[in-house]
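By convention here, the first residue in the shown sequence is residue 1. This is a predicted model, so every value here is computed, not measured.
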Amino acid sequence: MHCSIRAGLRPHVARPAKAQTRTGSRVQAVRSEAAADRRADSWASIAATGALTALVAASALLSSNVAYAGADLALGKQTFEANCAACHAGGNNSVIPDHTLRKAAMEQFLDGGFNLEAITTQVENGKGAMPAWTGRLDDDEIAAVAAYVFDQSSGDKW
């Protein structure tokens, strides 16, 4: 080894080139491995997020269907005919013709998409020319008419 001191600088020690190459390649290998670990951790996090999103969506769909399964469709039909049919007879819409109660139209136009919760929200709060039915219908009637519309639309019964 050769050692030299330059004015105002710390001592410089020259090492054999072979040692620098081995150390440099080990450092590079450790850095590459750490970067690979970070990439793998990122992909694992993305996969876990995707799985969690799918689980939440499935849970929401199941809970929506459970609420629908216990609904009083006879009350829903009665409520619909007494309060909704003036504008929505046969699943149509006399105010905005392309905003029908058919599944495809609700998938396209209903805030929240085609599901029982979005239909219930629309009935409760209204939108545009449609009035809010909270305060006019009780909770059982709102749940029943939303389930009736969902049933008619998902079964293509209009």
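Side-chain contact between N83 and R136 is absent, with no heavy-atom pair separated by less than 4.5 Å. Here the side chains of T79 and Y148 are not in contact, with every heavy-atom distance at 4.5 Å or above.
Closest approach of L101 to W158, counting heavy atoms only: O-NE1, 3.1 Å. When every heavy atom of A147 is checked against every heavy atom of A71, the shortest pair comes out as CB-CB, 3.2 Å. In this structure, E107 and F114 approach most closely via the heavy-atom pair CG-CB, 3.5 Å. Nearest heavy-atom pair, P97 versus T100, reported as atom, atom and distance to 0.1 Å: O-CG2, 3.2 Å.
Annotation: side-chain contact (heavy atoms from CB on, under 4.5 Å) contacts of E124 (sequence neighbours excluded): T120, T134, I142. Here T121 pairs with nothing under the side chain to side chain donor-acceptor pair (under 3.5 Å) rule; sequence neighbours left out. For Q108, the side-chain contact (heavy atoms from CB on, under 4.5 Å) criterion is met by no residue, not counting sequence neighbours.
Using a 4.5 Å cut-off between side-chain heavy atoms of Ile, Leu, Val, Met, Phe, Trp and Tyr, with links allowed through other members, F109 and V123 fall into different hydrophobic clusters.
Between the CG atom of D138 and the CG atom of L75 there is a distance of 7.5 Å, given to the nearest 0.5 Å. In this structure, F80 CZ and Q152 CD are separated by 8.0 Å, a value rounded to the nearest 0.5 Å. Rounding to the nearest 0.5 Å gives a distance of 8.0 Å between CZ of R102 and CG of D156. Separating the NZ atom in K77 from the CG atom in D72 is a distance of 12.5 Å, to the nearest 0.5 Å.
In the hydrophobic clustering, where aliphatic and aromatic side chains (Ile, Leu, Val, Met, Phe, Trp, Tyr) are joined below 4.5 Å either directly or transitively, V95 groups with I96.
Each salt bridge (charged side-chain N to carboxylate O under 4.0 Å, His left out) pair with one or both residues in residues 88-98, not counting sequence neighbours, would appear here, but there are none. The salt bridge (charged side-chain N to carboxylate O under 4.0 Å, His left out) pairs that include a residue from residues 125-134 are D111-K127, where partners are two or more places apart or lie in different chains.
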